[in-house]
> 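I am attaching a structure below and will ask some questions about it afterwards.
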Amino acid sequence: MGEVLRFSIDGELLDPGEAFLPLPDDGLLRGDGVFEVARVYGGRPFALDLHFDRMERSAAAIDLVLERDLLEAEAARLIDSAGDRDFLIRLVQTRSGRRILSLEELPDHSATISLATIRYSPTLILNGVKSLSYAANMHATRLANKAGADEALFVRPDGVVLEPPTSSIFWATAEGRLRTPALEAGVLDSITRRKIVERLEVEEAEFQLDDLMSASEAFLASTTREAHPVSRIDRQPLPTIDGPKTKEAAAAFGQALNADLGA
Ligand SMILES: Cc1ncc(COP(=O)(O)O)c(C=O)c1O
């Protein structure tokens, strides 16, 4: 998480250090709630409606009524308070109905990223849900760091490639075919992934790790990373880093940004 610039708690704008939550709240005590992270470019949010749509689906999946109208109004006010700059906005609603929004600095990402595979079984009843129960995702990154990599890559026990803890993965075969795990494999319906899939020819299926390990190039896709070139997986270097397919995806995502922000 980047440094927090300002919070909005139930509509009240607060500086870090001033923001407190009444307890008990199962959002904190049990990770019971939903969240989203959207990006703001020069004061203009990208695909915020899609983030709210997904947040609504996440909330519905765990029988939580999302206060979408209030959250939307509070998000607009918080974004306006920060001026024309780049940052992230985090949106949270807890089981007790607290609405927690924060403006955060963008995290620093190195130019390329190395991955370590971590065996992981998706929690079936939370498939596709951005719930606050992200401890497994956070811990996977620590395990990957201990293995000498920057980030984790979840792989199902049956060898099917899933996703990193907070991004999607794409790769190109030696023949130049772009691939990404299908949503049905147990991955989040990432908005960045969706923008790329809408614009490029992408094969979506359940792919084995072998397929990825023989890729010519790979990249991660997410709100904070956009298209982020992968350098190594389990210490094996990719033949090409930031190759033609990664550049094509970055350009496709750039078009989505321009279309949405009207640049
Ligand atoms: C598990 C997971 N997959 C993928 C993503 C990327 O989604 P998006 O492109 O909407 O940021 C995220 C975002 O945090 C995530 O938590």
Side-chain angles (χ1 to χ4, degrees), residues 1-2 31 33-41 45-59 61-62 75 86-92 101-102 104 106-107 109 113 115 117-144 150-156 160-171 179-200 202 204 212 218-228 230 246 249-250 252-257 260-261:
M1 237 179 95
V34 293
F35 80 105
E36 277 296 323
V37 178
R39 187 155 167 178
V40 180
Y41 293 82
F46 172 63
L48 195 55
D49 51 340
L50 296 182
H51 285 278
F52 276 116
D53 290 349
R54 186 170 65 190
M55 197 174 183
E56 218 160 42
R57 293 198 302 276
S58 295
I62 60 165
D86 293 353
F87 49 86
L88 297 176
I89 181 162
R90 182 177 301 267
L91 313 158
V92 174
L101 288 73
S102 58
E104 295 168 17
L106 289 167
H109 289 310
I113 185 159
L115 303 176
T117 55
I118 301 284
R119 295 277 143 173
Y120 178 78
S121 277
T123 312
L124 292 181
I125 63 168
L126 288 182
N127 242 358
V129 175
K130 256 180 104 73
S131 82
L132 289 175
S133 308
Y134 255 46
N137 300 50
M138 300 299 100
H139 190 52
T141 302
R142 288 189 289 271
L143 291 174
D150 300 316
E151 185 52 292
L153 172 63
F154 288 135
V155 176
R156 275 191 348 213
V160 168
V161 178
L162 293 172
E163 61 188 341
T166 60
S167 55
S168 307
I169 187 162
F170 288 74
W171 63 94
R179 292 184 165 164
T180 195
L183 299 183
E184 296 71 33
V187 299
L188 186 76
D189 184 359
S190 145
I191 290 161
T192 319
R193 172 191 184 283
R194 207 195 275 194
K195 296 288 180 192
I196 294 169
V197 166
E198 278 168 8
R199 283 170 175 77
L200 301 178
V202 182
E204 298 172 75
L212 170 59
F219 62 90
L220 306 189
S222 80
T223 293
T224 60
R225 300 179 187 280
E226 300 181 334
H228 193 181
V230 176
T246 305
F253 183 70
Q255 286 167 10
L257 269 181
D260 198 71
L261 301 178

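In this text, all values refer to a predicted model and were calculated from it rather than measured experimentally. In this chain, numbering begins with 1 at the start of the sequence shown. Just follow the structure's listing: the first ligand is 1, and inside any ligand the first atom is 1.
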> Yes or no on side chain to side chain contact (heavy atoms under 4.5 Å, CB included) for Leu153 and Leu212, after CA distance, side-chain angles and deciding distance?
CA-CA 11 Å; Leu153 172 63; Leu212 170 59; 3.4 Å; yes
> Collect the protein residues that have a non-hydrogen atom under 4.0 Å from ligand 1 and hand them over in chain and number order.
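Only Arg54, Lys130, Tyr134, Glu163, Pro165, Thr166, Ser167, Ser168, Leu188, Ser190, Ile191, Thr192, Ser222, Thr223 have heavy atoms that fall under 4.0 Å of ligand 1, ordered by chain and number.
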> Where do Ala38 and His51 come nearest, in terms of heavy atoms and distance?
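Ala38 and His51 have their closest heavy atoms at CB-CD2, 3.6 Å.
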> What about Phe46 and Phe253, are their ring centers closer than 6.0 Å?
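Ring centres of Phe253 and Phe46 closer than 6.0 Å.
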> Is it the case that Thr192 and Glu226 place a side-chain donor and acceptor less than 3.5 Å from each other?
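No donor-acceptor contact under 3.5 Å links the two side chains.
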> Do the side chains of Glu104 and Arg39 get close enough for a salt bridge, i.e. N-O under 4.0 angstrom?
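The answer is no: the pair does not qualify as a salt bridge.
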> Is the shortest distance from a Lys or Arg side-chain nitrogen in Asp189 or Arg57 to a carboxylate oxygen in the other one below 4.0 Å?
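Arg57 and Asp189: salt-bridged.
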